[in-house]
Structure formats: C-alpha cells, structure tokens
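Protein chains get the first letters and strands the later ones, always in sequence-line order, with residue 1 at the start of each.
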Protein chains: 2
Amino acid sequence: MNERADKKAARATADQVAREANVSRVAVSRAFNPNASLKPEKRDRILQVARELNYTPDMAARSLVTGRSHLVGMIVPDVCSPWESQEIDALTTALQAEGFATLLFKAKADFSMDPRLLTYMRGFNPDSVIAFTENILPDVLCGFLDRAVPIYVIYDDVKQFAGAASGTLYDRLLVRQKNGIEQAVALLQGYGARRMAYLGGKAQSLANAERERTLKETLAERGMDAPIVLAGDYTYDTAYQATLDLFRIGEGADAIFAANDVGAFGAIDALRHELGLSVPEDVKVVGFDDIPQAHWKSYNLTTVRIDLEERVRALVRLILMRLRAPDAEPFTETLNTRLIVRGTVG
Amino acid sequence: MNERADKKAARATADQVAREANVSRVAVSRAFNPNASLKPEKRDRILQVARELNYTPDMAARSLVTGRSHLVGMIVPDVCSPWESQEIDALTTALQAEGFATLLFKAKADFSMDPRLLTYMRGFNPDSVIAFTENILPDVLCGFLDRAVPIYVIYDDVKQFAGAASGTLYDRLLVRQKNGIEQAVALLQGYGARRMAYLGGKAQSLANAERERTLKETLAERGMDAPIVLAGDYTYDTAYQATLDLFRIGEGADAIFAANDVGAFGAIDALRHELGLSVPEDVKVVGFDDIPQAHWKSYNLTTVRIDLEERVRALVRLILMRLRAPDAEPFTETLNTRLIVRGTVG
DNA sequence: TTGTACGCGTTATCAT
DNA sequence: ATGATAACGCGTACAA
C-alpha cells in the first residue's frame with residue numbers, strides 16, 4: 001500500500017518548487033503567468049524544476065484569488081441528441097484551446113432545471129454559461145450567476161424573452177432561420193407540393209416555436225396554404241407515430257417539414273416502411289440541422305443547415321468578448337441558415 | 001451600467017450571512033454541512049438568511065481546504081458518437097444526483113491525449129477520472145493525477161495493460177463481450193452463414209481488438225472459418241466504403257459482424273443502396289452496442305447489447321467506493337453483453 | 001526584476 | 001452545540 005502511495009505522483013506545491021529551485025514562491029507563480037516579468041533564465045529553471053516535481057498550479061486556489069475559474073458551464077437537456085452532442089464536442093474542443101474546461105450539467109427533459117442544480121452550478125463559479133435549455137429565462141438564470149453573463153440563442157423574431165426584465169444582461173446568438181426555410185419552401189413549391197405538414201419539436205422549445213412561425217409566415221407570403229401542424233418532441237419514435245396518424249387518421253400531406261433531422265428520419269421510415277409510400281415521389285421531406293446522419297444513404301435528407309463550425313466560433317467569440325469587457329452592452333453574433341439539397345425532395 | 005450591476009445578484013460570502021444572521025461564520029459552514037452538529041432551529045435561520053442573500057458556498061474555497069473538488073473528469077475522444085454521448089448523458093445525470101459535476105475533456109481523434117491537456121486537467125484536481133480513451137495507459141494517466149484513481153474499461157481477456165507497471169492503481173469495469181458475441185455467431189451459423197467478415201473499429205481501440213479476438217476465438221470453437229477482417233474506424237463512411245470494397249474488389253461474404261452499430265448501418269446501406277443486395281436474405285448483418293438508432297425501421301439491426309443503465313451504475317459505484325476507500329485494492333465491476341435479435345439476420 | 005505581506009472563502013482543529 | 005484561529009495554495013499590491 002505504501003509502495004503504491006510512493007509511486008503515485010504526490011502533488012507538489014509552489015512552495016516546494018520554490019525551495020527546490022532556490023527562488024521565492026512568488027517567482028514560481030510568475031513563471032506560470034506569461035505576462036509577469038521574470039528573468040527568462042530563471043523562468044526556465046523554475047519550469048524545469050516544476051516538471052521534475054510534477055507540479056501543476058491548483059485551479060481552485062488560483063480561482064479563489066483571481067476570481068476566474070476557467071470553467072464554462074453548459075446546461076444541456078439531452079446530450080444524446082446528435083445535434084447537441086456535435087455542438088458540445090466542437091465547443092469543448094474550441095474552449096479547450098482557449099484554456100477553458102467544460103462543466104456539463106443536465107437539465108430535465110422538459111427543458112426546465114431544478115433550482116437546486118442551478119445553485120450547485122453557481123458554486124463552481126463558471127466564467128461563462130451557455131444554456132441549451134430554452135425555458136430558463138435570462139432573469140432566472142442570472143439570479144444564479146455571479147460574474148458569468150449567459151448566452152442565449154435567439155431567432156429571427158428578435159423580440160424573444162420580451163417578458164424578461166429589461167435590466168438583465170445576456171449575450172445573444174441570433175440564428176436567421178428564415179433564409180433556409182424560405183429556400184426549402186421554394187424548392188417544395190417548385191416540385192409541386194401543395195399540402196404541407198409541419199412536424200414539430202418539443203413544445204417548450206423556442207427554436208421549434210420560431211421554426212413553426214417562420215414556416216407559416218413563408219407559406220403565406222408565397223400564397224400557400226397554412227401547414228397541418230403535428231405535435232412532436234424531436235424524437236424519432238414520436239415523429240414516426242405522428243406521421244402514421246397523419247396518413248391513417250388525418251388526410252395526409254404531400255410534403256413534410258420536420259423541426260429537426262431526427263424527426264425527418266422518423267417520418268421517412270414511417271412513410272416508406274409502414275405506409276408504403278415513396279419519398280420523394282409521393283411525399284417530400286425536409287429536415288432541419290444537417291446532422292452527419294442526414295447524408296446516410298437510407299435517408300439522404302434534404303435539410304436546412306446550421307453551420308456548426310461557424311456557430312461554435314461565434315459562441316467562443318461571445319465568451320471571450322464578454323470576459324474582456326464584463327460590463328459592456330449586450331453582444332450579438334449572427335448566424336445564417338441555408339438549404340442543403342439531397343434526395344428527399346424532387 | 002450601475003443599474004445593471006445592482007440587479008445582478010451579488011455573490012454573498014459566508015461572513016455576510018453570518019453577520020446578517022447573528023452567528024459565527026463557522027455556523028454558516030455547518031449549516032451547509034449536513035453531518036455537522038448544529039441546533040436545527042439555528043440551521044433553519046441560517047439557511048433562510050442564505051437564501052435571502054443568494055448565498056452559495058464557493059466550491060473552489062471548499063475544495064482548497066477539503067481536498068475534494070466534486071468534479072469528475074471525463075476524457076472523451078468523440079462526444080458525437082451515439083454510444084459515447086449516451087454514456088456521457090447517463091453518467092452526468094447519475095453523478096449529478098450524487099453531488100458531482102462533469103468536467104469534460106476532448107482527447108484527440110487517435111485516442112491519444114496531449115500531455116499539456118492532462119496537466120491542465122490535473123490542475124482542476126478531479127475527484128475521479130474516467131478515461132473513454134483507451135491508449136493512455138494507466139501509468140501515464142496516473143502520473144497526471146493526485147488523489148484521483150482512474151477507471152478503465154477492460155474486456156474478456158483480463159490481461160490487458162499487462163505492460164503497465166504493476167504498482168499502478170486503477171479500477172476496472174470488466175465487460176464480458178464473449179456472451180453476446182457467442183450468441184450472435186450461433187444465430188448467424190443457424191441461419192446458414194459460412195463466410196463471415198469482421199468490420200473493425202478504430203485500430204487503436206482496445207474494445208475493437210478484443211471484439212476481433214473474441215470473434216475469431218468463437219468462430220474457431222464452432223468450427224467455422226476465420227473471418228475476413230476489414231479495417232474500419234467506427235464511422236459510417238468508412239464502413240460503407242469497406243463494404244463496397246469487400247464485394248467489388250474482394251470476394252464478398254454472407255455475413256458481416258460490425259464492431260459497432262454505426263458501422264453496421266454503413267454496411268447495410270452499402271449493401272442495399274449501392275450493391276443491390278438484400279439484408280438479411282443475401283447478407284446478414286450484426287452490430288455492437290445497441291444504440292437507440294438500431295431499432296429505426298431503416299436498419300432494425302440485430303446487435304450485441306451493452307446495457308447502458310447497468311454500465312453507468314457500475315461506474316458510479318466504482319467512483320463512490322474509491323472515494324470512500326482511497327487506498328483500497330483495485331475494484332472491479334463486471335458487465336455482461338447479450339444479443340438483441342431484430343431484422344438483419346434471418 | 002524581485003521579495004514581503006496580505007487576502008481570496010471555506011473547512012478543520014481545538015477549545016469551551 | 002458553539003466560536004476563535006489556523007490552515008488550504010495561489011496571485012497581487014507594494015516596496016525595494
């Protein structure tokens with residue numbers, strides 16, 4: 001047991017490094033802080049000794065005195081969803097490169113979050129928080145934040161969170177869904193679609209509400225009938241069943257616009273494998289997100305793309321800008337969408 | 001600006017709560033520590049004041065003195081993979097319930113990890129670390145850990161990491177892949193498969209190596225020919241191409257055993273949509289993992305299941321046991337696999 | 001460029 | 001059950 005304890009690298013403190021290198025403890029601190037002034041040769045010696053002693057500055061102690069945790073909180077309702085897992089992946093990679101670690105919290109399935117959990121998160125003092133969960137309003141979230149300014153994704157109609165107290169500070173990623181939706185509708189119209197169904201996402205989801213609203217608006221502008229709206233929740237199974245119901249109980253449709261790609265997959269499978277209909281000949285299908293699975297041959301989905309790389313860059317920019325200017329007015333980054341044409345419309 | 005600053009909930013310290021509640025700072029600390037002794041009435045008053053002042057104990061300060069960060073590090077090569085995102089999701093949920101937050105780190109695609117990143121992680125002083133990345137050996141990882149004892153997933157042949165210094169302490173989750181693989185082979189054999197191909201995962205992956213080894217062993221035991229081995233990397237696209245090559249350049253096969261479900265999807269799509277072959281009539285396909293997509297109608301995949309819930313429970317058990325007994329001998333939890341029969345063999 | 005002294009917010013120790 | 005005091009490991013103002 002002792003044998004193992006010996007082998008285990010003991011944590012060295014700055015004091016030990018200082019003693020070993022014959023310098024003051026402050027010098028050690030400076031050696032690890034690039035902008036501090038220190039004779040280069042001395043710094044090198046210190047870093048050398050630090051390596052030998054297996055020393056790493058303690059983030060907790062550092063955080064205590066600097067007020068910066070180097071932690072970015074992410075509140076996620078469902079890590080498994082392909083879109084979110086992609087985003088978490090890319091964001092974590094990007095933040096890692098900037099010296100931040102990702103602190104992951106899971107919200108409940110209905111997009112709400114236990115106040116106890118928020119309180120808990122607060123204790124970690126994250127430098128920034130990204131809420132993938134859309135029904136914790138900024139005011140509420142800010143009540144659980146100290147220095148962190150949260151980032152919210154908003155959509156074409158900028159008035160979202162209008163109910164929020166005006167004094168609440170949060171930064172915004174504006175996603176212009178209109179572009180992509182308009183292109184999709186034009187394509188569907190061009191291929192003769194007349195009776196369209198909208199296969200919704202989670203009712204509480206703002207993204208979903210805005211997609212539905214924008215779709216209706218676009219159809220109206222182009223002189224088309226309002227869509228049949230099917231309740232959904234972004235899952236394959238619900239989409240599958242809703243599609244069956246649409247054709248068995250309802251009057252069917254000649255095009256389905258799904259709130260997300262996974263829902264579109266459910267619709268396609270229901271059409272092809274249970275209703276005996278062809279896609280795109282009998283029914284055209286469009287998705288939203290352009291997740292990697294969208295190009296899989298079984299689906300080959302025509303879909304509205306949100307550019308992930310661009311999105312992540314924008315989020316990282318927001319975080320860095322805010323940390324540099326904690327009291328600045330709200331920042332906004334904008335993101336476009338566009339249609340990716342594959343094989344489910346035509 | 002001041003207006004906003006006022007609205008922003010200022011962080012209260014234990015001292016402020018103590019003053020407001022007319023108690024000592026120590027009492028406040030005790031009020032938040034359930035096993036500390038404190039007159040209930042007094043505790044209630046303190047908690048009440050704390051709520052009014054929006055006070056939350058600072059984890060960094062707490063961690064500094066207790067030596068426990070309440071952070072669990074997860075080193076992941078690819079958050080997007082359906083299996084891993086599922087596992088991260090479930091694990092985060094379970095750990096949250098136990099009072100731990102998830103600290104996510106992304107390893108490189110080749111399953112290796114930058115020493116700088118490991119050093120960085122070390123600074124956060126995680127209470128435990130789960131390495132989904134299989135080619136950082138325990139010795140190496142432990143060199144970057146202080147109190148945390150890492151958890152490794154090992155497979156049927158327990159001799160893995162034999163090269164690791166024997167003194168290194170790490171806990172093990174033993175996954176018995178043999179059961180599921182044996183059932184799959186029996187089913188394939190029963191349906192007349194004779195020439196089998198193994199569609200591999202990442203070459204560096206231990207899970208993959210062991211799946212291949214166990215498959216070969218099982219085929220030999222049952223008097224069947226050794227499988228044709230196709231190089232893969234767990235992705236759809238590579239699996240798709242490898243399957244095309246197998247039938248166009250190679251001699252084909254009457255059954256494909258894929259190292260993971262996503263690879264099986266790629267194989268199925270190549271067979272059906274490009275080679276004009278039927279699954280399961282012409283070629284039978286088996287996957288591994290049983291991710292949610294496996295039951296989608298387009299695939300309806302017969303696959304070897306690893307029970308996620310059970311797996312997560314085992315991991316959480318390992319973490320808690322180790323924290324309770326930091327110096328105990330290595331712990332091992334065991335997990336079985338079993339075949340889920342759907343429509344791609346028959 | 002370097003070192004001294006202090007403080008960050010909390011819990012552990014040891015009194016009472 | 002409660003309170004005073006000393007840590008925990010680090011960064012930073014200030015003086016040299």
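Counting only heavy atoms from C-beta on, Ala27(A) has its side chain closest to dG3(C) among dG11(D), dG9(C), dG3(C). Among dG11(D), dA12(C), dA6(D), the nucleotide with an atom closest to any side-chain atom of Arg25(B) is dA6(D). In the set dT10(C), dA12(C), dT12(D), the nucleotide with an atom closest to the side chain of Ser29(A) is dT12(D).
The CZ atom of Arg68(A) sits 14 Å away from the C1' atom of dG11(D) (whole-angstrom rounding). Rounded to a whole Å, the CZ atom of Arg62(B) is 18 Å from the P atom of dG9(D). Distance Glu41(A) CD to dT2(C) C1': 14 Å, rounded to the nearest Å. Taking atom CG on Asp58(B) and atom P on dT10(C), their separation rounds to 6 Å, with Å as the unit. Remark: P of dC10(D) and NE2 of His70(A) are 14 Å apart, rounded to the nearest angstrom. Summarising the geometry, the separation between CZ on Arg43(B) and P on dT2(D) is reported as 10 Å, rounded to the nearest angstrom. The CZ atom of Arg122(A) sits 14 Å away from the C1' atom of dG9(C) (whole-angstrom rounding). The separation between Asn125(A) atom CG and dT10(C) atom P is 10 Å, rounded to whole Å.
Taking the nucleotide of DNA chain C with the nearest heavy atom to each of Leu38(A) and Asp15(B), the more 5' of the two is matched to Leu38(A). Toward the 5′ end of DNA chain D lies the nearest nucleotide of Val26(B), the other residue of the pair Val26(B) and Leu64(B) mapping further downstream. Taking for each of Ser24(B) and Val65(B) the nucleotide of DNA chain D with the nearest heavy atom, the 5'-most of the two is the partner of Ser24(B). Each of Ala61(B) and Lys42(A) has a nearest nucleotide on DNA chain C; the 5'-most of these lies closest to Lys42(A).
Across all strands shown, Tyr55(B) has heavy atoms under 4.0 Å from sugar-phosphate atoms exclusively, and none from any base. Contact annotation for Ser37(B): base contact, defined as any heavy-atom pair under 4.0 Å involving a base atom.
Taking the side chain as every heavy atom from C-beta outward, Asp89(A) and Asp78(B) approach each other to under 4.5 Å. By the 4.5 Å heavy-atom criterion applied to side chains, Arg322(A) and Tyr170(A) are not counted as neighbours.
Using a 30° and 60° split on the angle between ring planes, Phe105(A) and Phe124(A) fall in the tilted class, from 30° to 60°.
For the 3.5 Å distance criterion, the side chains of Glu20(A) and Gln16(A) fail to qualify, holding no donor opposite an acceptor. Residues Arg122(B) and Asn54(A) bring a donor and an acceptor atom of their side chains to less than 3.5 Å of each other.
No hydrogens or angles were tested; on distance alone, a donor-acceptor pair under 3.5 Å links the side chain of Arg30(A) to the base of dG3(C).
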